[in-house]
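Notes follow once the structure below has been shown.
We name chains A, B, ... by the order of the sequence lines, and we start the count at 1 in each one.
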Protein chains: 2
Amino acid sequence: MAERKRQLVAEELRDAALMLLATRGFDVVTVDDIVAAAGMSRRTFFRYFASKEDVVVRFLADLGADVVAELAARPPAEPPSVALRHALWVPLAACTDHPDHTERARVVVRLILDTPALYARSLEYQIQWRAGLTTELAARHDLDPDADPYPRMAAGMAMLAFDTVLQQWRAGDDEQRLAELTDRAFAVVAPALDGCTASSHAG
Amino acid sequence: MAERKRQLVAEELRDAALMLLATRGFDVVTVDDIVAAAGMSRRTFFRYFASKEDVVVRFLADLGADVVAELAARPPAEPPSVALRHALWVPLAACTDHPDHTERARVVVRLILDTPALYARSLEYQIQWRAGLTTELAARHDLDPDADPYPRMAAGMAMLAFDTVLQQWRAGDDEQRLAELTDRAFAVVAPALDGCTASSHAG
DNA sequence: GCGCCCCTTGACACTCAATGCCATTTCCAG
DNA sequence: CTGGAAATGGCATTGAGTGTCAAGGGGCGC
């Protein structure tokens, strides 16, 4: 199948890029270096990835969709802090499941957090996650996302917890504590997430 | 004085850029368009601003320093939610004081929030604000910012409230409600800001 | 006034990211 | 084998950002 080959080429390009970018640094590695390592044309690279940043952070879009889908699948009676914790755990679970994925994920996380341009681009994706979570939360609690600040801020607090987990995980040693880090982060925002429901600031 | 002239040139460049970018859109306006409108050389633009984004969001760095300074000046006994609310009010107060500043500020806010590249760049500055607030909060509560998630997340929640205020203000009509929007946003995160102090998650 | 010095400016050239265009190759179907 | 669609590679172009150098312009000693 042609579709399968496309994905294969994309992975080849992505692997070569990740290898170079993580070892030498994002700014000093040019697209020419990447395509030379992958044995392809410069033009081909930009047919698979919209930009040099894209090759690193592209997968974030799919992850965001999964997060929002998970939130939508949580039982409506569940407190926001619990539902959001489970939703944000989806991308984190992919790291804990396969040990070989863990180290690769940590390399990517370090690369993103240490490169301003990549971090900015990943923030753009986080904005999309937040928008999705905001819409879903507004629907869950029957609130107007434009008038009531709660849905937007609840989504923001969840993303903040996620970001904090990654920041702590990046410098951390053992990966088993990802769940513990997540619990602790969500425990901080839980009072604001659950303590205030629609009744307290709708009027 | 030469220093005064430098600032004058920078303002000239910034005004011309803001005018073009806000009316025609960020992506379609080139640096050549800006310098042509300002009657200067292309090279001169990049002597005053590091990038096309920089001309719009440069002032955010100074604002961040003011915010952190204000937090440091708040009385230590003040609850975190109150201290942070006052700290984040500093840049907002500049808008409410002078009516002519208000409309200009709103134009810039709209431009930033509607342009992904600018929004991402402004978020990078917000990260710096957050880092400053994190350090200050950790000092106030005698916590380790690396081990305890509270300082980082409290700072993040304050920035989130700030962001929410801007989002609601952008679409809003009258500017007098900025204080009210700020109060409502901080009311959402106050339970997490004040309800949990060092004792609850230090161990 | 005159040369001197320092800073600013403008012009040119260059790298690199990113896009459009077109010829060539590949690959599958008939 | 052959027609055609998709993928590819090469080429040219735009635009951001940087380095370099020559020219201009104002303060200052002479």
What does the B/S/- profile of nucleotides 16-26 of chain C look like, 5' to 3', with a 4.0 Å heavy-atom cutoff to protein?
SBBBBB-----

Does A:Thr44 put a side-chain nitrogen or oxygen below 4.0 Å from OP1 or OP2 of D:dG9?
yes

Are the side chain of B:Arg140 and the backbone N or O of B:Pro75 linked by a donor-acceptor pair below 3.5 Å?
yes

Distance alone, cut at 3.5 Å: any donor-acceptor contact between the side chains of B:Ser51 and B:Asp54?
no

B:Asp32 meets the salt bridge (charged side-chain N to carboxylate O under 4.0 Å, His left out) criterion, sequence neighbours left out, with B:Arg42

Salt bridge present between A:Asp183 and A:Arg177 (N-O < 4.0 angstrom):
no

Proximity to DNA chain C (any heavy atom under 4.0 Å), residues of residues 55-62 of chain B only:
none

Indicate whether OP1 or OP2 belonging to C:dT9 is found under 4.0 Å from a side-chain N or O atom of B:Tyr48.
yes

Residue pairs passing the ring-ring contact (aromatic ring centres under 6.0 Å, His included) test with at least one member in residues 44-73 of chain B, sequence neighbours excluded, are B:Phe45-B:Phe49

N/O donor-acceptor pair under 3.5 Å between B:Tyr119 side chain and B:Leu111 backbone:
no

Set out, line by line, the N/O atom pairs under 3.5 Å between protein and nucleotides 22-24 of chain D.
none

Considering only NZ, NE, NH1 and NH2 on the basic side and carboxylate oxygens on the acidic side, decide whether B:Arg130 and A:Asp163 come within less than 4.0 Å.
yes

Pair B:Asp15 + B:Arg104, salt bridge at N-O below 4.0 Å:
yes

Check: B:Thr115 side chain, B:Phe26 main-chain N or O, donor-acceptor pair, under 3.5 Å
no

Name all residues meeting the side chain to side chain donor-acceptor pair (under 3.5 Å) criterion together with A:Glu78; count only those two or more places apart in sequence or in a different chain, and write none if there are none.
A:Arg74

Just the rounded figure in Å: distance from P of D:dT8 to CD of A:Glu12.
12 Å

